[in-house]
There are 2 protein chains.
Amino acid sequence: MAKRVVPDAARRRRRPTRQGQVLTHELIVETALRMLREHGAAGLTARRLGLALGADASAIYRYFRGMDDLTLAIADELLAHALADWRPTGHWRTDLRALGLSVHAAYLAHPQAAVLTASRVTGRPHEVAVDETILAILRTAGFPDHDAVRIYHAFIDQSLAFAVLDAASLALPAATRQADEQVWQATYARLPASSHPHIAATAGHLVGRMNDSAYPTALDMLLDSARAQLADLRVRDGSGSPRG
Amino acid sequence: MAKRVVPDAARRRRRPTRQGQVLTHELIVETALRMLREHGAAGLTARRLGLALGADASAIYRYFRGMDDLTLAIADELLAHALADWRPTGHWRTDLRALGLSVHAAYLAHPQAAVLTASRVTGRPHEVAVDETILAILRTAGFPDHDAVRIYHAFIDQSLAFAVLDAASLALPAATRQADEQVWQATYARLPASSHPHIAATAGHLVGRMNDSAYPTALDMLLDSARAQLADLRVRDGSGSPRG
DNA sequence: CGTCAACGTCAATGGCGTTGGCATAAGGAT
DNA sequence: ATCCTTATGCCAACGCCATTGACGTTGACG
């Protein structure tokens with residue numbers, strides 16, 4: 001009654017801004033991602049985003065309910081990238097591992113956005129799709145619902161958790177990262193065996209590991225544990241091989 | 001030369017504020033912690049902190065260089081608390097699990113500080129002590145150096161990663177957390193089986209899990225994997241029982 | 001008792017997200 | 001081609017925020 005036609009995204013009244021730009025949801029999200037990459041999380045403000053768009057800051061509110069809404073849109077965009085990069089093979093362990101690495105990589109591609117968004121529940125299409133995919137893999141592999149949910153929860157939260165941690169490190173100013181590296185060299189590599197025998201004994205193995213993400217290792221250990229549980233279940237059922 | 005006497009903390013010129021409070025570093029930190037606990041990270045502002053102290057906001061700057069300096073002062077205590085709460089029993093798996101949970105809990109007690117500091121390498125005594133402790137447990141349990149370092153790395157980074165993730169969630173404004181909860185209810189609990197069969201099938205198991213941390217589960221899975229590796233090593237050596 | 005500086009307060013600055021009002025131009029209808 | 005509707009960009013303003021510099025007071029010490 002009130003509105004005769006709901007304006008299609010393609011049929012919008014695309015009135016250009018003073019500087020000739022035509023605003024869309026996509027353009028705003030992309031510009032925000034670019035600002036996050038170039039200037040960091042603190043550098044993304046409504047006013048500066050408007051400036052970068054060649055529009056007034058308040059124009060953003062015609063497309064998003066607020067900066068928080070825009071943040072969630074950015075988050076879902078990252079998960080869309082993760083799913084697009086993923087190619088299933090039919091082997092549950094291989095597929096789950098690849099999906100985890102894909103999510104991790106998608107967030108690390110935009111560390112500043114990851115810090116901002118990885119801990120949020122958006123309920124948006126791509127996030128839901130990732131969840132559905134994980135549960136599908138686990139239940140198809142033969143995990144009972146209770147175990148599937150438990151492993152799903154640990155899996156997705158671990159992926160997000162490492163994404164936040166690694167992204168937070170990547171998002172630091174270069175000077176701060178170099179300072180941290182020097183702190184590490186100055187302390188860990190030169191600790192006397194008398195006070196810290198175990199660090200001293202393993203210093204050779206520790207060197208060079210500091211900047212690597214521990215996520216692949218933790219992911220493999222989680223998947224190994226899941227495989228052992230599955231094998232155990234099959235043995236109790238007496239219906240399959242214990243090799244998983 | 002310029003200053004005759006560096007004022008002792010006890011000998012300060014304790015001029016009371018308009019409302020009779022006497023300011024100290026400790027009082028400010030404690031008040032800030034209380035505000036964090038009661039009103040969340042967004043509820044801690046210089047103005048409101050000043051109000052809670054019965055002083056002007058600018059008085060804080062006589063004690064800290066800025067809000068960031070105050071945040072780091074708060075964070076300084078966290079790892080110390082984690083180690084202080086930890087009581088070893090001599091069983092490597094039990095002790096490692098308790099230490100992980102203790103670190104996690106210490107950070108979660110101050111989510112705002114955790115988000116800022118958990119991804120940093122401080123090289124300060126308590127951090128080094130935690131690392132030494134973990135390596136000691138693993139090497140004493142019988143892990144070869146290479147495996148001990150690998151598991152140490154996965155273990156500590158997993159603990160920090162979940163701390164950052166869970167703290168980031170806790171640090172959100174209360175209104176945002178409630179909104180996220182409602183988003184979850186509105187989407188996941190009502191997804192049709194036609195489009196998302198696996199989420200729909202496990203909805204009963206998913207309910208109530210949303211606010212729980214997945215860290216204990218992920219931690220147990222990591223420790224299970226480590227125990228299996230240890231058992232495998234002992235079998236190859238032919239020198240011990242495979243029960244870990 | 002005088003001097004000095006530590007410290008609380010005030011006022012102001014420049015930033016932030018967000019909102020309501022207003023002008024205008026893009027579509028649809030005629 | 002013209003009118004009407006309304007989506008949309010822009011402007012000004014509000015109430016926050018952290019931070020700073022000047023100012024006055026007051027406690028401690030010589």
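To find a chain, count down the sequence lines: A is the first, B the second, and so on, and within it residues start at 1.
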Chemist: So what does A:Ala55 touch, heavy atoms closer than 4.0 Å: a base, only the sugar-phosphate, or nothing?
Modeler: sugar-phosphate
Chemist: Without decimals, in angstroms, what is the distance between B:Leu49 CG and D:dC17 P?
Modeler: 12 Å
Chemist: What's the CZ-P distance between B:Arg48 and D:dT19, to the nearest Å?
Modeler: 17 Å
Chemist: Using distance only, find each side-chain donor-acceptor pair of residues 154-165 of chain A under 3.5 Å and give its atom names and separation, not counting sequence neighbours.
Modeler:
from     : atom 1 : to       : atom 2 : distance (Å)
A:Gln158 : OE1    : B:Gln158 : NE2    : 2.8
A:Gln158 : NE2    : A:Ala218 : O      : 3.4
A:Ser159 : OG     : A:Phe155 : O      : 2.9
A:Ser159 : OG     : A:Tyr215 : OH     : 2.8

Chemist: Once you round it to whole Å, what is the distance between P of D:dA7 and OH of A:Tyr63?
Modeler: 12 Å
Chemist: In whole Å, I'd like the distance from the CZ atom of B:Arg47 to the P atom of C:dC16.
Modeler: 16 Å
Chemist: Does A:Ser213 have any side chain to side chain donor-acceptor pair (under 3.5 Å) partners at least two apart in sequence or in another chain, and if so, which?
Modeler: A:Asp166
Chemist: Under 3.5 Å, which N/O atoms of the protein pair with N/O atoms of nucleotides 20-23 of chain D?
Modeler:
from   : atom 1 : to      : atom 2 : distance (Å)
D:dA22 : N6     : B:Arg62 : NH2    : 3.4

Chemist: To the nearest angstrom, how far is B:Leu23 atom CG from D:dT26 atom P?
Modeler: 16 Å
Chemist: Please state how far atom CG in A:Leu53 lies from atom P in D:dG9, giving the value in whole angstrom units.
Modeler: 10 Å
Chemist: To the nearest Å, give me how far apart CD1 (B:Ile28) and P (D:dA18) are.
Modeler: 14 Å
Chemist: Is there a side-chain contact between A:Thr45 and A:Met67 in this structure, where contact means two heavy atoms from C-beta onward sitting under 4.5 Å apart?
Modeler: no
Chemist: Taking salt bridge (Lys or Arg N to Asp or Glu O under 4.0 Å) as the definition, give me every residue that meets it alongside A:Asp69, ordered by chain and number, with sequence neighbours left out.
Modeler: A:Arg124
Chemist: Nearest whole angstrom, please: distance from the P of C:dG17 to the CG of A:Leu51.
Modeler: 13 Å
Chemist: Please list, chain by chain and in numerical order, all residues satisfying salt bridge (Lys or Arg N to Asp or Glu O under 4.0 Å) with A:Asp145, sequence neighbours excluded.
Modeler: A:Arg139
Chemist: Can you list the residues that meet the side chain to side chain donor-acceptor pair (under 3.5 Å) rule with B:Tyr188, with sequence neighbours excluded?
Modeler: A:Glu127, A:Asp131
